Amino acid sequence: VQLQASGGGLVQVGGSLRLSCAVSGSIFRLHTMGWYRQPPGKQRELAALISSTGSTNYADSVKGRFTISRDNAKKTVYLQMNSLKPEDTAVYLCNAELHIATTERTIALDEWGQGTQVTVSS
């Protein structure tokens, strides 16, 4: 199982970016997916989560500006980021909680993508 993130880049203050993260491999069930971010010199923090049924949860710092969504058929999660600020500059990492199936049982995994850089210039 692999997560491939894309869509980061350099954008000016007030601009927008859309991140995508596709899950590849044989999956039995895909559960909560999310985006985390790690600003330079800081700890990793949650940006947004979306459950398998579409319920969402956002960090206070991104509420009203970021929108998380998912396409279960494509096993992809998106993060639409609008009204970007310099403090949104970070490496953005996608995460997926999922189950894979073996011949004997299912196994729960917590997988991470490789991260994509978002830089907001003032």
Side-chain angles (χ1 to χ4, degrees):
V1 176
Q2 287 188 330
L3 277 64
Q4 182 67 45
S6 60
L10 175 64
V11 64
Q12 291 187 333
V13 169
S16 298
L17 283 174
R18 188 190 193 212
L19 306 182
S20 300
C21 177
V23 181
S24 62
S26 180
I27 296 169
F28 177 72
R29 189 162 294 162
L30 194 54
H31 305 295
T32 297
M33 303 180 78
W35 287 96
Y36 292 74
R37 64 186 187 179
Q38 187 162 12
K42 296 185 179 181
Q43 301 271 19
R44 185 179 299 182
E45 61 185 24
L46 172 70
L49 292 173
I50 184 165
S51 73
S52 58
T53 58
S55 298
T56 58
N57 186 30
Y58 295 94
D60 288 343
S61 57
V62 308
K63 279 181 183 176
R65 300 186 298 120
F66 290 11
T67 302
I68 189 170
S69 61
R70 62 192 284 169
D71 184 328
N72 290 326
K74 294 182 178 179
K75 295 184 292 184
T76 299
V77 62
Y78 305 96
L79 187 67
Q80 178 67 43
M81 305 185 294
N82 298 328
S83 303
L84 283 161
K85 305 175 181 180
E87 51 264 43
D88 295 318
T89 295
V91 174
Y92 283 71
L93 303 106
C94 58
N95 173 264
E97 298 174 359
L98 54 94
H99 275 83
I100 61 172
T102 69
T103 55
E104 298 178 349
R105 62 190 178 98
T106 60
I107 301 172
L109 297 177
D110 187 15
E111 296 294 316
W112 291 87
Q114 85 284 7
T116 184
Q117 178 69 46
V118 171
T119 302
V120 184
S121 65
S122 55

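Treat the numbers as computed from the prediction; the structure is a model and nothing was measured.
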Within the side chain of Lys75, is there an N or O that forms a donor-acceptor pair under 3.5 Å with the backbone of Gly25?
yes
Pairwise distance [atom1]([X]) to [atom2]([Y]) - rounded to 0.5 angstrom:
X	Y	atom1	atom2	answer
Ser55	Ile68	OG	CD1	11.5 Å
Asn72	Met33	CG	CE	8.0 Å
Glu111	Ile27	CD	CD1	9.0 Å
Asn95	Leu49	CG	CG	8.0 Å
Gln38	Glu45	CD	CD	9.0 Å

Neighbour count >12 (heavy atoms, 6.0 Å) for atom CD, Gln12
no
Is it true that atom CD of Gln114 has more than 12 heavy atoms of other residues, nucleotides or ligands lying nearer than 6.0 Å?
yes
Dump the intermediate steps for side chain to side chain contact (heavy atoms under 4.5 Å, CB included) on Thr106 and Arg29, then the final yes or no.
CA-CA 9 Å; Thr106 60; Arg29 189 162 294 162; over 6 Å; no
Report the C-alpha separation of Ile100 and Leu98 in whole Å, then their side-chain angles, then the decisive distance to 0.1 Å, and conclude whether the side chain to side chain contact (heavy atoms under 4.5 Å, CB included) test is met.
CA-CA 7 Å; Ile100 61 172; Leu98 54 94; 3.8 Å; yes
Salt bridge present between Asp60 and Lys63 (N-O < 4.0 angstrom)
yes
Are [Y] and [X] connected into the same hydrophobic cluster when the rule is that any two of I, L, V, M, F, W, Y join if their side-chain heavy atoms are below 4.5 Å apart?
X	Y	value
Ile50	Tyr78	no
Leu46	Val118	no
Tyr58	Tyr92	yes
Leu10	Leu19	no
Val1	Val77	yes

Run the side chain to side chain contact (heavy atoms under 4.5 Å, CB included) test on Ser16 and Gln80 for me, step by step, so that the C-alpha distance in whole Å, both residues' side-chain angles and the decisive distance to 0.1 Å come before the verdict.
CA-CA 7 Å; Ser16 298; Gln80 178 67 43; 4.0 Å; yes
Heavy-atom check, side chain of [X] versus side chain of [Y], under 4.5 Å:
X	Y	value
Asp88	Arg65	yes
Arg37	Ser61	yes
Leu30	Arg70	yes

I would like to know whether Leu84 and Phe66 meet side chain to side chain contact (heavy atoms under 4.5 Å, CB included); could you show each step before the answer?
CA-CA 9 Å; Leu84 283 161; Phe66 290 11; 3.8 Å; yes
Of all heavy-atom pairs linking Thr116 and Ser6, the shortest is OG1-C, 4.4 Å
Atom of Ser20, atom of Thr76 and distance for their closest heavy-atom approach
CB-CG2, 4.5 Å
Compute whether any side-chain donor of one residue and acceptor of the other, for Thr119 and Gln117, lie under 3.5 angstrom apart.
yes
Students often mix this up, so state it plainly: with edges at 30° and 60°, are the rings of His31 and His99 parallel, tilted or perpendicular?
perpendicular
